[in-house]
Amino acid sequence: MNLLYTFRIAIIGLKTNKSRTVLTILGIVIGITSIILVMSLGRGAQNLILGQVQGIGSKTIAIAPGKQPKSPTDFASLFADSLKERDLESLKQKNNVPTLDKIMPIVFGSESATFENITYRPTIWGATSLFAIIYNVYPTEGENLSEDDVKSYSDVVVIGNKVKEELFNGGEAVGKKIKIKGRNFRVIGVLPQTGQVSFVNFDSAVVMPYTTAQQYIFGIKYFHRIVVQADSEANVEQTVADIKTTLRNNHNITDPDKDDFFVETQADAVKTVSTITSVLTLFLAAVAAISLLVGGVGIMNIMLVSVTERTREIGLRKALGATNGDILKQFLVESVILTTTGGLIGIALGSLLSLLISVILTKTLGQSWPFSVPLSSVLLGVGVSAIIGMIFGIYPARQASIKNPIEALRYE
Amino acid sequence: MALIEIKNLKKRYNDEAAETPALDGVSLEIKEGEFVAIMGPSGSGKSTLLHILGFLDQPSSGVYKFDDKNINSYTDEEAAKVRNQKMGFIFQAFNLLPKTTVLDNVKLPLVYSGVKESEWEAIATKAVEAVGLGHRMYHEPSQLSGGEKQRVAIARALVNNPKVIFADEPTGNLDSKSGGAVMEIIQKLNEEQGRTVILITHETYTAEHAQRIITLRDGQIEKDKQTDHRHKAGEFVK
Ligand SMILES: Nc1ncnc2c1ncn2[C@@H]1O[C@H](COP(=O)(O)OP(=O)(O)OP(=O)(O)O)[C@@H](O)[C@H]1O
Ligand SMILES: [Mg+2]
């Protein structure tokens, strides 16, 4: 018996009992839909986060004060003031860290800003002119901070797009003065809308010289971060090692376990994020797999019912010359058609839902959530559903094939 | 040489409480081209015998040679092939596939035959026309009368051009008119095409279409004799 014909008989068999066929498929549809959804959303989240991390380039290294938190309950507050101006100067010296290309200290915090009688609470960033290069955001109106602004503790700020909207109602901002902590700051630049870049949202930021921020806003003499760029990706590791040596020298640390700072590279961050999303995706996929298993058992159940119902047909086919193999093939193909149809519908439905969710997330998060259905998930969906049809179809098909033709014909 | 040869054939069903088996030592020979009727009271073992002869069931003991080859030496696949190529079955209950057209029902044995699919249509059409149902080609069984259904079953039995036709009470569910039409076709298959026919019936007038009548009682042959006044094809009285 040829496969095409087997295929057609199976279709006829399935058509004869449409509502049952549809209900049987449903279990598989749900399973495959969730697999596609999970994999697609997982990929979306990963792309989004990786995009963020990669936004500031893989040459970037962040130095944070305190002990590296090993778990969420580890507070990094110990030694929170360990990074000081002296460290910055040491790191800048060519003989300490020869592969260092750029270095910028950061202080940050939330403060109220007022213009006339409007108040808004942006994030205050104390940085240098380098922030524009490192984060790849340049003012579209006015100008950037300058080295002189940093040296002379200037009262100037570059503001984010949202800050401009809120405080100036969309009107001209450059040249105006806004008040933060009772001090007047002249707006010299406005940043374009950026959305989230590397976990920083410049839209609601006010950027000023770090010297000014330390002195007049936060009243501190240390840094929250020092951001370093190596001269090339290949030198990142060397740079990290040199930074550690320099800082340990400065802080008189001999035992690396007693470090009062920690260094994070973008590569580390990428790895961490990928691991987290992969584990999450895997977990959700396991949940989907369970629903597929349930769907598979449903298929087996229905196929067994179908075999019993069609006992006479099986007997007749055998009397007319069908071998056990022919009958086995017929029922196996039927169950594989059931599950792969379910799989294809699931893939379509899953992709559609995932697209829908990406549109909604893009709207609500205010930033583009990348929609993608990984090819691997489509292949997995088709493969898994076909295999489920085989596995759960083989037992009923075998039951059908070993029926004695006479008992089958006599069956009432 | 006999087409069918059985010696001391016995069949005992496993779950049978009764001490007498369904077949209790049956021996007979049927030559190619013969038309044999099997009669006997209900439960005498007629269907059991026919099923064994038609490779649908196995005897418990005894010898059965079909085409001079012992039934035990056929594998399952070979037995299926013999059923498909050399045997045709007609059942009392028609056994057509529901929701399947007359043409597709008749095609069924071709599916398992190795005949190329491109030829199925023509062969099946010819068989349907041969039983006078050319105008019912695309009807489904539920749209046919009993007599028409049995003629479809005959067309299906014929489609692979078998040597032997086994018929288990083919007119049992039919009135005398459509029963007569069915018997006419069966007798012509024997007389004009030389096919061996083995037919079970309760009715003497149906049995008298055959050349030979075997009567069973309690799983044994009671009588085996040539028909005295054989009906001509088309002569069906009730
Ligand atoms: N599958 C079975 N299991 C157990 N006993 C069976 C089975 N099939 C038939 N029998 C028994 O075997 C005996 C012969 O049955 P069979 O069907 O051959 O009779 P029959 O002559 O065809 O009767 P009828 O004219 O009513 O069709 C009966 O006693 C019947 O009950
Ligand atoms: Mg019977």
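Per chain, numbering begins at 1; letters A, B, ... match sequence-line order.
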With a strict 4.5 Å heavy-atom criterion, list every residue of residues 88-97 of chain B that contacts chain A, or say none. Phe89(B), Phe91(B), Ala93(B), Asn95(B), Leu97(B)

Return the option, out of Asp57(B), Leu110(B), Thr100(B), Leu108(B), with the maximum number of heavy-atom pairs under 4.5 Å with chain A. Leu108(B)

Only pairs of heavy atoms separated by less than 4.5 Å count here; which of Gln85(B), Met87(B), Glu117(B) has the most with chain A? Glu117(B)

What distance separates Gln58(B) CD from Ile406(A) CD1, expressed to the nearest 0.5 Å? 11.0 Å

Within 6.0 Å of [atom1] in [X], more than 12 heavy atoms from elsewhere:
{"X": "Lys69(B)", "atom1": "NZ", "result": "yes"}
{"X": "Phe7(A)", "atom1": "CZ", "result": "no"}
{"X": "Asp218(B)", "atom1": "CG", "result": "no"}

For [X] against [Y], the heavy-atom pair lying closest together:
{"X": "Asn84(B)", "Y": "Leu320(A)", "value": "ND2-O, 2.8 Å"}
{"X": "Ala80(B)", "Y": "Ala322(A)", "value": "CB-O, 4.0 Å"}
{"X": "Lys318(A)", "Y": "Arg83(B)", "value": "O-NE, 2.8 Å"}

What residues, two or more places apart in sequence or in another chain, satisfy side chain to side chain contact (heavy atoms under 4.5 Å, CB included) together with Lys65(B)? Glu5(B), Val63(B), Asp68(B)

Under 4.5 Å between any side-chain heavy atoms of Asp76(B) and Thr323(A), yes or no? no

